[in-house]
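To start, the structure itself, in structure tokens.
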Amino acid sequence: PVPEIDHNKSIIEEALGLYLLLLDTASENGWENLHLLAAVKPTQEEIDKLDEQWYKTEILKPIHTTLLRTKIVRTAAGTIAPIHSADGNHNIFFPSNANKEIRRRIWRCCSTWIPTRLPAKVDVDVWYEIIWPACNKLTLDQVAMFIEQTDTINKLAGELSEGTDVYEWLKEFYATLKLSDAEFLSVVSKRRIFPNQNGTFKKKVELSRGARDINTELLDILKLLGTD
């Protein structure tokens, strides 16, 4: 009956106000396990009891909008940060892959690169289940794009935490790529992630014409990856 639906809506709207107040208080006071407040995923059965479009626009949208700008993510650097920056751009990158091991390896690679923009290690798998389309997924291809954008191995080394061996870092990323055959083939075919002897990143196919153009630090690795 309509009166019952209207009554349910009224209760949920009141709960929304209390939730947003709780969220603000928890963030301001740095409560533990803040990410649990972002786990807003009602079941279809619950939604069926309401007007689904109303729920999405009047309840879920304001919740997600507030979550994006609230300091709710405990980062790998030990800080608490919002999912989006003040100007609305992506601020946090959430390691994403259906394979748990790949997710954790993505985190490990990037924790020496962008620790203030990654969730804490212990929260990686939880955030993977929580995030929604407005959140930025950190995939293998995204990491490869970051590498490509640095253009040279020296610039990449400058981006990594002090004391990080850039060649070992790359080898670990390549090894992570190999855990997914489909993603490996896709990324390697389109991204410039292999340094030549001048330290400039090139596509794999551009280095397969002769070993003399390949950085000697990576010759053995490239052979393992299937480069002649």
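Note that the structure is a prediction, hence the values are computed from the model and not measured. Scope of the values below: all heavy atoms of this structure, side chains included, with no hydrogens, waters or symmetry mates.
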Side-chain heavy-atom pair [X], [Y] within 4.5 angstrom cut-off:
{"X": "Ile153", "Y": "Tyr167", "result": "yes"}
{"X": "Phe194", "Y": "Lys203", "result": "no"}
{"X": "Leu156", "Y": "Leu170", "result": "yes"}
{"X": "Thr152", "Y": "Lys155", "result": "yes"}
{"X": "Ile72", "Y": "Ser27", "result": "no"}
{"X": "Trp31", "Y": "Leu23", "result": "no"}
{"X": "Pro82", "Y": "Leu68", "result": "no"}
{"X": "Ile92", "Y": "Asn136", "result": "no"}

Mind checking what makes side-chain hydrogen bond (donor to acceptor under 3.5 Å, both in side chains) contact with [X], not counting sequence neighbours?
{"X": "Asn89", "result": "Asp87"}
{"X": "Thr200", "result": "none"}
{"X": "Asp125", "result": "Arg103, Arg104"}
{"X": "Glu13", "result": "none"}

Main-chain N/O of [Y] paired to [X] side chain as donor or acceptor, under 3.5 Å:
{"X": "Asn33", "Y": "Leu36", "answer": "no"}
{"X": "Asn99", "Y": "Ile102", "answer": "yes"}
{"X": "Tyr19", "Y": "Leu37", "answer": "yes"}
{"X": "Asp123", "Y": "Pro119", "answer": "no"}

Would you kindly say whether Glu206 and Asn196 are connected by a side-chain donor-acceptor distance under 3.5 Å? no
[X] versus [Y], closest heavy-atom pair with distance:
{"X": "Asn91", "Y": "His84", "value": "CB-C, 3.7 Å"}
{"X": "Ile193", "Y": "Phe173", "value": "CD1-CE2, 4.2 Å"}
{"X": "Leu118", "Y": "Ser111", "value": "CD1-N, 3.4 Å"}
{"X": "Ala38", "Y": "Leu67", "value": "CA-CD1, 3.8 Å"}
{"X": "Ala77", "Y": "Thr116", "value": "CB-CG2, 3.8 Å"}
{"X": "Thr25", "Y": "Asn29", "value": "O-ND2, 2.7 Å"}

Take Leu140 and Asn97 through the test side chain to side chain contact (heavy atoms under 4.5 Å, CB included) and record every step on the way to the result. CA-CA 8 Å; Leu140 290 168; Asn97 195 284; 4.2 Å; yes
Residues 185-192, side-chain donor-acceptor partners within the protein, below 3.5 Å, at least two apart:
| unit_1 | atom_1 | unit_2 | atom_2 | d |
| --- | --- | --- | --- | --- |
| Ser189 | OG | Leu185 | O | 3.1 |
| Ser189 | OG | Ser186 | O | 2.9 |
| Arg191 | NE | Asp141 | OD1 | 3.0 |
| Arg191 | NH1 | Glu148 | OE1 | 3.1 |
| Arg191 | NH2 | Asp141 | OD2 | 3.0 |
| Arg192 | NH1 | Phe201 | O | 3.4 |

For Tyr174 and Phe184, I'd like to know if the aromatic rings sit close, meaning centre-to-centre distance below 6.0 Å. no
Compute the ring centroids of Phe93 and Phe146, then answer whether they are less than 6.0 Å apart. yes
Between [atom1] on residue [X] and [atom2] on residue [Y], distance to nearest 0.5 Å:
{"X": "Ile59", "Y": "Lys9", "atom1": "CD1", "atom2": "NZ", "answer": "9.5 Å"}
{"X": "Leu21", "Y": "Leu16", "atom1": "CG", "atom2": "CG", "answer": "11.0 Å"}
{"X": "Thr112", "Y": "Glu159", "atom1": "OG1", "atom2": "CD", "answer": "11.0 Å"}
{"X": "Ser85", "Y": "Arg117", "atom1": "OG", "atom2": "CZ", "answer": "7.5 Å"}

Pairs meeting criterion side-chain hydrogen bond (donor to acceptor under 3.5 Å, both in side chains) with involvement of residues 62-78, two or more places apart: Thr75-Thr79
Test side chain to side chain contact (heavy atoms under 4.5 Å, CB included) on Phe94 and Thr139 and set out the steps. CA-CA 8 Å; Phe94 297 97; Thr139 62; over 6 Å; no
In this structure, would Tyr128 and Leu34 fall into the same cluster of hydrophobic residues linked by side-chain contacts under 4.5 Å? no
Are Ile131 and Val73 grouped together when hydrophobic residues (ILVMFWY) are joined by side-chain heavy atoms under 4.5 angstrom apart?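 Both belong to a single hydrophobic cluster.
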Quick one: do Trp113 and Ser161 satisfy side chain to side chain donor-acceptor pair (under 3.5 Å)? Show the steps, please. CA-CA 6 Å; Trp113 191 347; Ser161 301; over 6 Å; no
Ion pair Arg105/Glu172, N-O distance below 4.0 Å: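 Salt bridge absent between Arg105 and Glu172.
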